[in-house]
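The structure under discussion appears below in the form of structure tokens.
Here the structure is a predicted model, which means the values were calculated and not measured. All ligand and atom numbering here is 1-based and tracks the order in the structure.
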Amino acid sequence: MKVLIFPDAKDAIAAAARLVLDQVRLKPDAVLGLATGGTMEAVYDKVADGVRETAVSFAGVSSFNLDEYLGLPPAHPASYHTYMRQRLFSRVGIDLAKTHLPKGDCEDAEAECRRYEAAIAASGGIDLQLLGIGRNGHIGFNEPTSSLSSRTRVKTLTADTREANAQFFDRLEDVPHYALTMGIGTILDARHCVLLAIGASKAEPVAKAIEGPLAATCPASALQLHRHATMLLDREAAASLQLVDYYQRVHPDGAPAQIEPR
Ligand code: PGA
């Protein structure tokens, strides 16, 4: 696992955007795994800047989002379909037919989850999966005690997750109780996992994910099993790590290491 600690949130955000842009530059038909949430908003701004200012083209890119609220139609203002259209898809020239999110208003949720898994497999698999982390250590909507080998399925959201996401709805009561989410096993199949965490509210889950025991109580700790996981942190999100001096010595201020061990 590569742990990169940046002096400042904006540096960590820029690094996440750079990894996405570099992936597309390297492989113009890359399959991206995308995330939503407050942390990703600034990343997508930077990716859109990069597409405008450089020769990187998203015309051949496909994407699969981590999750969607069960019951929300794509046009709902708080759906992740809407978030992605507004924050990224409409700004980077991606072919909308190549963008995928679970359908929140599907009739048969189990069939939709199976369809989603099959579509990911048919694409050849995800090259780079962007991840945020919840205050409770979730990745996607894999809440604590999710199976570490789970696949796309319906999960019940915790009270903490519903509260954290209430900012995107008019009222807490409007936040759905269920979501369709890639499983932890689905996420671990990506060829590169990139987790971005910003701010003091993420310090505890980040420490558990990186240095804690592998445990279903912290779903992000499953990344310890991945052979190519990159953790991008600002100083506040890194504040509870015990080996911070070590990470800083390997990658001073998030800089590439001289020798790149994984
Ligand atoms: P946030 O969400 O970026 O809004 O903090 C992250 C997550 O819950 O995965």
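- When side chains are defined from C-beta on, F141 does not count as touching L66, because their heavy atoms never get closer than 4.5 Å.
- The environment of CD in E110 is sparse: at most 12 heavy-atom neighbours from other residues, nucleotides or ligands sit within 6.0 Å.
- Ligand 1 is never approached by R135 to a heavy-atom distance shorter than 4.0 Å.
- Protein heavy atom nearest atom 6 (C) of ligand 1, with residue, atom name and distance: I133 O, 3.6 Å.
- A tilted orientation is assigned to the rings of H76 and F169, their planes being inclined by 30° to 60°.
- At a threshold of 4.5 Å between non-hydrogen side-chain atoms, the residues H228 and R191 do not count as touching.
- Residue M40 places every heavy atom at 4.0 Å or more from ligand 1.
- Using a 4.0 Å cut-off between heavy atoms, T161 makes no contact with ligand 1 at all.
- Using a cutoff of 4.0 Å between basic side-chain nitrogens and carboxylate oxygens, E117 and R114 are not scored as salt-bridged.
- In terms of protein heavy atoms, atom 8 (O) of ligand 1 is closest to H138 NE2, 2.6 Å.
- Shortest contact from atom 4 (O) of ligand 1 to any protein heavy atom: G38 N, 2.8 Å.
- Protein heavy atom at the shortest distance from atom 3 (O) of ligand 1 is T39 OG1, 2.5 Å.
- Judged purely by atom type and a 3.5 angstrom limit, E68 has no side-chain atom pairing as donor or acceptor with the backbone of L101.
- The closest protein non-hydrogen atom to atom 5 (O) of ligand 1 is K202 NZ, 2.6 Å.
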